[in-house]
Amino acid sequence: MRVSASSAAYCERDGRDFDLLGEPANFFSNFFQIAAGLRYTYGVAQQKNLDVNVLGGVLYTAVACGSAIWHSVGLAWTLVLDLAIPFAFIAWFGYNWGYRVLRIRSVWLRFGFLGVALGGTGALVSLYTSPAFSVHWAWFVVLVAAAVWHRLICDWRPNGILASAGLYGVGLACYAMDRVLCEDERKGYQIGSHWLWHVFSALGGLLLLHSLPPEDWNAPGHDVDPWCGCVRRNAVPGEKVAPEVR
């Protein structure tokens, strides 16, 4: 049984022999994201104004699960998990960002906006496939554009996506360093730097989740704390509150 040629290109994978723990650092580094995702999902499930983010937390966690399988098994078919689940997470984020930040109320318009965003990413990939950054560079370009847009129009954690893009950028540098330095097969175990891509992208993805305002962020009378996402007040505008009886 032979592992995928793409998997064999990682520093940790020595040759193309099948080995479930052929990439221990690349495999176990995913567990940080799994733990963070489970904690996040449990937390938002307890808040009515944030429970819509449960699916985002599940997808965020599933990204690391797919990556762990790919870096363990290393067979060509498992690469689909490593790429398709992040695509689903990005699509979920873009759809909800269009609703909560851009205030696109029409479902069909939101799908149209998402199609343009994902189509633009695909167009960038088709124009140039980076040997060092793979397809991730195109997602990063779109993320930076969204970060600037978010900073200009949204009061909810305006620098959140910018910080996320910064973490992804550091992670991509680690991703590229692993691919460039280990382009040719070498004998003996090398830890490489791909596992750092997992850590920094996990932090970046978590920031993306926290950068999404609650659904009722723009609703009249709602006062949502931008740090905890908790609804502090839910009063009807203009409604008079009776004085407290002492």
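As the structure is a prediction and not an experimental result, all values here were calculated from the model.
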Side-chain polar contacts of residues 52-60 - donor-acceptor pairs under 3.5 angstrom, sequence neighbours left out - could you list them?
from: N53; atom 1: OD1; to: R100; atom 2: NH1; distance (Å): 2.8
from: N53; atom 1: OD1; to: R100; atom 2: NH2; distance (Å): 2.8
from: N53; atom 1: ND2; to: Y40; atom 2: OH; distance (Å): 2.8
from: Y60; atom 1: OH; to: A202; atom 2: O; distance (Å): 2.6

Donor-acceptor pairs are to be reported for all side-chain atoms of residues 117-128 against protein atoms at under 3.5 Å, with residues two or more places apart or in another chain.
from: T121; atom 1: OG1; to: A117; atom 2: O; distance (Å): 3.0
from: S126; atom 1: OG; to: G122; atom 2: O; distance (Å): 3.4
from: S126; atom 1: OG; to: A123; atom 2: O; distance (Å): 2.7

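Closest of all the heavy-atom pairs between L81 and G66 is CB-CA, 4.0 Å. Residue I34 comes nearest to A64 through the heavy atom pair CG1-CB, 3.6 Å, listed as atom of the first residue, atom of the second, then distance. The shortest non-hydrogen separation linking L20 to F18 is CD2-CZ, 3.7 Å. Considering every non-hydrogen atom in both Y175 and A132, the closest pair reads CD2-O, 3.2 Å. Between L196 and C174, the shortest heavy-atom contact is CB-SG, 3.7 Å. Scanning all heavy atoms of the two residues, the minimum distance from P158 to C154 falls at CB-O, 3.4 Å.
Of the possible donor and acceptor atoms, one in the side chain of S211 sits under 3.5 Å from a partner among the backbone N and O of L207. In this structure, the side chain of E12 engages the main chain of A25 through a donor-acceptor pair within 3.5 Å. At distances below 3.5 Å, at least one donor-acceptor pair connects side-chain atoms of R179 with backbone N or O atoms of P131. With hydrogens and angles disregarded, no donor-acceptor distance shorter than 3.5 Å links the side chain of S72 to the backbone of A68. Checked by atom type and distance alone, the side chain of S164 pairs as donor or acceptor with a backbone atom of G204 at under 3.5 Å.
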Worked verdict on W149 versus W97 for ring-ring contact (aromatic ring centres under 6.0 Å, His included): CA-CA 11 Å; W149 200 352; W97 188 74; 5.5 Å; yes

Steps toward side-chain contact (heavy atoms from CB on, under 4.5 Å) verdict (H198, N26): CA-CA 8 Å; H198 292 163; N26 292 348; 4.2 Å; yes

From CA spacing to verdict: side-chain contact (heavy atoms from CB on, under 4.5 Å), W195, H71: CA-CA 10 Å; W195 67 277; H71 286 290; over 6 Å; no

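Under the rule for a ring pair (Phe, Tyr, Trp, His ring centres under 6.0 Å), F133 has no partner lying at least two apart in sequence or in another chain. Residues that satisfy the ring pair (Phe, Tyr, Trp, His ring centres under 6.0 Å) test with F89, not counting sequence neighbours, are absent from this structure. Listed by chain and number, the residues in a ring pair (Phe, Tyr, Trp, His ring centres under 6.0 Å) with F113 amount to none (sequence neighbours excluded). Listed by chain and number, the residues in a side-chain contact (heavy atoms from CB on, under 4.5 Å) with L21 are D19, F27, F28 (sequence neighbours excluded).
Under the 4.5 Å side-chain criterion, counting only non-hydrogen atoms from C-beta, L208 is in contact with L143. L203 places a side-chain heavy atom less than 4.5 Å from the side chain of F32. Side chains of S4 and W70 form a contact here, defined as non-hydrogen atoms less than 4.5 Å apart. Between F111 and S106 there is no side-chain heavy-atom pair separated by less than 4.5 Å. For the pair V148/I161, no side-chain contact is recorded, criterion being any heavy-atom separation below 4.5 Å from C-beta on. Contact annotation: the side chain of D82 approaches that of L79 to within less than 4.5 Å [non-hydrogen atoms, C-beta and beyond]. With contacts defined as side-chain heavy-atom distances shorter than 4.5 Å, the pair C11/S193 does not qualify.
Residues V107 and L114 are members of one and the same hydrophobic cluster, defined by side-chain heavy-atom contacts under 4.5 angstrom among Ile, Leu, Val, Met, Phe, Trp and Tyr. Hydrophobic cluster membership is shared by V144 and W197, with clusters built from Ile, Leu, Val, Met, Phe, Trp and Tyr side chains linked at under 4.5 angstrom. Residues Y95 and I153 share a single hydrophobic cluster, defined by chaining ILVMFWY side chains whose heavy atoms lie under 4.5 Å apart. Put simply, V63 and V80 are part of two different groups of oily side chains (I, L, V, M, F, W, Y) that touch within less than 4.5 Å, one to the next. Taken together through direct or relayed side-chain contacts under 4.5 Å among Ile, Leu, Val, Met, Phe, Trp and Tyr, L109 and F93 form part of one hydrophobic cluster.
Annotation: the span from F31 atom CZ to L38 atom CG amounts to 11.0 Å, rounded to 0.5 Å. Atom OG1 of residue T61 and atom CG of residue N30 lie 11.5 Å apart, to the nearest 0.5 angstrom. Here the CD atom belonging to Q33 is positioned 8.0 Å from the OG atom belonging to S67, to the nearest 0.5 angstrom. The structure places OG1 of T78 at 10.0 Å from CG of L83, a figure rounded to the nearest 0.5 Å. Atom CG of residue L181 and atom NE2 of residue H194 lie 14.0 Å apart, to the nearest 0.5 angstrom.
The ring of H136 has its center no closer than 6.0 angstrom to the ring center of Y168.
Donor-acceptor pairing under 3.5 Å is recorded for the side chains of E23 and S7. When only modelled atom types and interatomic distance are considered, R110 and Y99 share no side-chain donor-acceptor pair under 3.5 Å.
Around atom CZ of F87, no more than 12 heavy atoms belonging to other residues, nucleotides or ligands sit under 6.0 Å away.
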